[in-house]
Number of protein chains: 2
Amino acid sequence: MRTIYDHKALGQLIRQERKAQGLTQAELAALTGVGIRFLRELELGKENCRIGLAFQVIRALGLVLEARGRGESA
Amino acid sequence: MRTIYDHKALGQLIRQERKAQGLTQAELAALTGVGIRFLRELELGKENCRIGLAFQVIRALGLVLEARGRGESA
DNA sequence: ATTGAATAGTCCCGATCGGGTCGTTTTATT
DNA sequence: AATAAAACGACCCGATCGGGACTATTCAAT
């Protein structure tokens, strides 16, 4: 379980997961239906990308996002 | 703990948390430094908004996002 | 060290976002 | 039911995204 505090952390996570699955950026991009450049910038922590596309990638990788309030216990 | 499978779920969560904290959209928008319209559309599950702004809102609300691989146990 | 793959950076351009605001609709309170 | 507040939808417009392609750079493996 990994905490995602911002878009950079998200990019790192995506890259890590992509590599863990043995995919290249081009392959994942094709799989996900987004452009290679988008994926690259997402992994590099681009400040502003479209969240819909980001979620497509997240789901394509089989990642699960969970949220809780600050105080809320896991 | 709540699973965020897409941008709609994220919007719902944000709205719920905003209300739980007794804030109006205008107040939260001002607090966060985003436009009211952006916040509104984010809560309504706009497909494509800038992820950087979304994270600003998430942090402003004190929400914590966590991610794990599909198989990974919590 | 060499070689090929993977990633990063840049180009142009159409498509869309996000800003504020005004008018309308929904929700809440009394 | 009446009133006020909050949320929604639409408007215009400048700013930026995201697409593919092409080159340069980094990386891994032999």
Side-chain angles (χ1 to χ4, degrees), chain A residues 2-65 67-72, chain B residues 2-65 67-72:
Chain A
R2 179 163 175 172
T3 301
I4 306 299
Y5 37 91
D6 61 15
H7 49 102
K8 289 209 171 185
L10 181 61
Q12 289 166 4
L13 171 68
I14 286 173
R15 163 159 301 183
Q16 173 185 320
E17 187 64 22
R18 172 178 61 80
K19 294 207 164 182
Q21 298 189 18
L23 298 169
T24 73
Q25 292 178 336
E27 288 168 339
L28 180 56
L31 257 171
T32 314
V34 305
I36 298 181
R37 226 195 58 215
F38 170 82
L39 181 56
R40 191 160 66 223
E41 292 181 356
L42 177 60
E43 288 190 356
L44 291 180
K46 181 179 197 170
E47 287 207 43
N48 284 324
C49 70
R50 309 247 165 107
I51 202 169
L53 296 182
F55 268 114
Q56 283 181 232
V57 175
I58 288 170
R59 286 193 299 265
L61 283 172
L63 291 171
V64 178
L65 274 193
R68 63 165 200 272
R70 202 173 352 221
E72 211 174 317
Chain B
R2 180 163 174 173
T3 301
I4 305 299
Y5 38 91
D6 61 15
H7 50 102
K8 289 209 170 187
L10 181 61
Q12 289 167 4
L13 171 67
I14 286 172
R15 164 160 299 184
Q16 172 184 320
E17 187 64 22
R18 172 178 61 80
K19 293 208 164 183
Q21 298 188 19
L23 298 170
T24 73
Q25 292 178 336
E27 288 169 338
L28 179 55
L31 259 170
T32 314
V34 306
I36 298 181
R37 229 196 53 217
F38 171 82
L39 181 57
R40 191 161 64 224
E41 293 180 353
L42 177 60
E43 288 190 356
L44 291 181
K46 181 177 197 174
E47 287 207 45
N48 285 324
C49 69
R50 309 246 167 107
I51 203 169
L53 296 182
F55 269 112
Q56 283 180 234
V57 175
I58 288 169
R59 286 194 298 265
L61 282 172
L63 291 171
V64 178
L65 275 193
R68 63 163 198 274
R70 203 177 347 227
E72 214 174 315

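By convention in this document, chain letters (A, B, ...) are assigned in the order of the sequence lines, proteins followed by strands, and residues within each chain are numbered from 1.
Evaluation of atom-type donor-acceptor distances gives a pair under 3.5 Å for the side chain of A:R40 against the base of C:dA8. Residue side chain A:R37 reaches the base of D:dG20 through a donor-acceptor N/O pair under 3.5 Å, judged by distance alone.
Atom-to-atom, CZ of B:F38 to P of D:dC17 comes out at 14 Å; the value is rounded to the nearest Å. In this entry the distance linking CG of A:L44 with P of D:dT25 reads 17 Å, nearest Å. The CD atom of A:Q56 sits 11 Å away from the P atom of D:dG18 (whole-angstrom rounding). Computed from coordinates, the A:L42 CG to D:dG19 P distance equals 11 Å when rounded to whole Å. Distance B:L28 CG to D:dA7 P: 10 Å, rounded to the nearest Å. In this entry the distance linking CD1 of B:I51 with C1' of D:dT16 reads 16 Å, nearest Å. Atom CG in B:N48 sits roughly 10 Å away from atom C1' in D:dC17 (whole-Å rounding).
Distances shorter than 4.0 Å separate some side-chain N or O of A:K46 from OP1 or OP2 on D:dG18. The side chain of B:Q25 places an N or O atom within less than 4.0 Å of a non-bridging phosphate oxygen (OP1 or OP2) of D:dC8. In terms of phosphate contacts, A:R15 brings no side-chain nitrogen or oxygen within less than 4.0 Å of OP1 or OP2 of C:dA6.
A donor and an acceptor atom, one from each side chain of A:E17 and A:Q21, are located under 3.5 Å apart.
With DNA chain D read from its 5' end, the first of the two nearest nucleotides for B:R18 and A:E41 is the one closest to B:R18. Residue-to-nucleotide proximity on DNA chain D shows that, of B:L23 and A:L53, the 5′-proximal contact is made by B:L23. Summary of the strand contacts: B:I36 and A:K19 both lie near DNA chain C, and taking for each the nucleotide with the nearest heavy atom, the more 5' one is attributed to A:K19.
Candidate nucleotides D:dG9, D:dA6, C:dG18 were compared by shortest atom distance to the side chain of B:R50, and C:dG18 ranks first.
Across all their heavy atoms, B:A54 and B:F38 have their closest contact at N-CZ, 3.8 Å.
Side-chain contact between A:F55 and B:I4: present, with at least one pair of heavy atoms (C-beta onward) separated by less than 4.5 Å. With contacts defined as side-chain heavy-atom distances shorter than 4.5 Å, the pair B:L13/B:I58 does not qualify.
At a threshold of 4.0 Å, the pair B:R18-B:E43 counts as salt-bridged, since one of the basic side-chain nitrogens sits closer than that to a carboxylate oxygen.
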